[in-house]
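Side chains included, hydrogens not; waters and symmetry mates left out as well; all remaining heavy atoms used. Only a predicted model underlies this, so the values are computations on that prediction, with no experimental measurement involved.
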Amino acid sequence: MNMQMIMQQAKKMQAQLQKDQEELERTEYEGTSSLVNVKINGKFEVLAVKINLPEGESIEADDREMLEDMIMVAFNEAVKKADNDKEKKMGKYGQGLAGLM
């Protein structure tokens with residue numbers, strides 16, 4: 001394999017890597033936990049937090065800790081989905097680099 005061919009493959013892989021990274025950053029992931037939905041993007045930035053209380057119900061002071069736990073669970077679920085997606089899409093580049101060596 002000549003050096004020019006290797007460089008062309010590397011440039012092509014780099015362009016695809018950048019495209020996939022940008023796509024991942026724009027993708028939205030949602031995590032849920034009982035009454036809570038959390039939406040994040042691929043950069044792990046929180047886009048929305050929604051508390052889905054049944055109509056007419058309110059949050060009592062005693063329920064605050066439980067609600068905080070639900071938000072944490074929903075957020076962690078969304079992060080896990082984003083991280084798994086990133087691993088699937090970006091893991092192929094680690095294998096591709098080995099093929100160039």
Side-chain angles (χ1 to χ4, degrees):
M1 197 178 267
N2 68 31
M3 187 56 90
Q4 186 176 7
M5 190 171 169
I6 291 172
M7 293 302 290
Q8 286 175 337
Q9 286 180 334
K11 283 184 180 184
K12 184 178 177 182
M13 186 182 291
Q14 182 180 17
Q16 185 62 44
L17 174 69
Q18 185 173 359
K19 180 181 172 195
D20 287 349
Q21 182 67 38
E22 289 169 359
E23 180 183 335
L24 281 169
E25 289 177 357
R26 286 190 308 271
T27 302
E28 294 181 1
Y29 302 90
E30 189 171 342
T32 59
S33 173
S34 299
L35 305 173
V36 177
N37 291 38
V38 174
K39 189 180 290 187
I40 65 169
N41 63 21
K43 293 187 279 186
F44 304 106
E45 298 169 332
V46 176
L47 302 175
V49 175
K50 185 171 182 181
I51 300 169
N52 305 308
L53 291 176
E55 194 172 320
E57 287 194 29
S58 62
I59 299 170
E60 300 295 323
D62 297 343
D63 296 332
R64 180 177 289 154
E65 188 175 329
M66 182 179 69
L67 182 59
E68 290 169 348
D69 288 343
M70 285 184 207
I71 292 170
M72 181 180 62
V73 168
F75 177 78
N76 288 336
E77 180 183 326
V79 167
K80 189 175 186 177
K81 287 177 182 179
D83 204 33
N84 287 341
D85 200 23
K86 182 178 182 179
E87 181 65 35
K88 277 192 267 182
K89 288 186 179 182
M90 303 309 274
K92 64 185 174 188
Y93 294 106
Q95 296 168 349
L97 291 175
L100 290 175
M101 303 290 170

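- Heavy atoms of other residues, nucleotides or ligands lying less than 6.0 angstrom from CD of Glu45 number more than 12.
- The pair Glu77-Lys81 meets the salt-bridge criterion, since a charged nitrogen lies less than 4.0 angstrom from a carboxylate oxygen.
- Under a hydrophobic clustering in which Ile, Leu, Val, Met, Phe, Trp and Tyr are joined whenever their side-chain heavy atoms come within less than 4.5 Å, directly or via other members, Leu67 and Leu53 fall into the same cluster.
- Interatomic distance, CD of Gln14 versus CD of Gln21, reported as 12.5 Å (0.5 Å rounding).
- Between Ile71 atom CD1 and Met66 atom CE the span is 11.0 Å, to the nearest 0.5 Å.
- Here the OG1-CG distance, from Thr27 to Asp20, works out to 10.0 Å after rounding to the nearest 0.5 Å.
- The shortest heavy-atom contact between Glu25 and Asn41 is O-CB, 3.5 Å.
- Using a 4.5 Å cut-off between side-chain heavy atoms of Ile, Leu, Val, Met, Phe, Trp and Tyr, with links allowed through other members, Met72 and Val49 fall into different hydrophobic clusters.
- Atoms CE and CG, from Met90 and Asp85 in turn, are 10.5 Å apart once rounded to the nearest 0.5 Å.
- The CD1 atom of Ile51 lies 12.5 Å from the OG atom of Ser34; values are rounded to the nearest 0.5 Å.
- Both Val79 and Val38 are assigned to one and the same hydrophobic cluster, defined by single-linkage of ILVMFWY side chains at heavy-atom distances under 4.5 Å.
- Going from atom CD of Gln8 over to atom CE of Met13 covers 13.5 Å, rounded to the nearest 0.5 Å.
- Without hydrogens or angle criteria, Asn2 side chain to Met5 main chain gives a donor-acceptor distance under 3.5 Å.
- Atom NZ of Lys89 is surrounded by more than 12 heavy atoms from other residues, nucleotides or ligands within 6.0 Å.
- With hydrophobic clusters built from ILVMFWY side chains whose heavy atoms lie under 4.5 angstrom apart, Val36 shares a cluster with Val46.
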Q: Output, in order, the C-alpha distance, side-chain angles, deciding distance and verdict of side chain to side chain contact (heavy atoms under 4.5 Å, CB included) for Tyr29 and Leu24.
A: CA-CA 10 Å; Tyr29 302 90; Leu24 281 169; 3.6 Å; yes

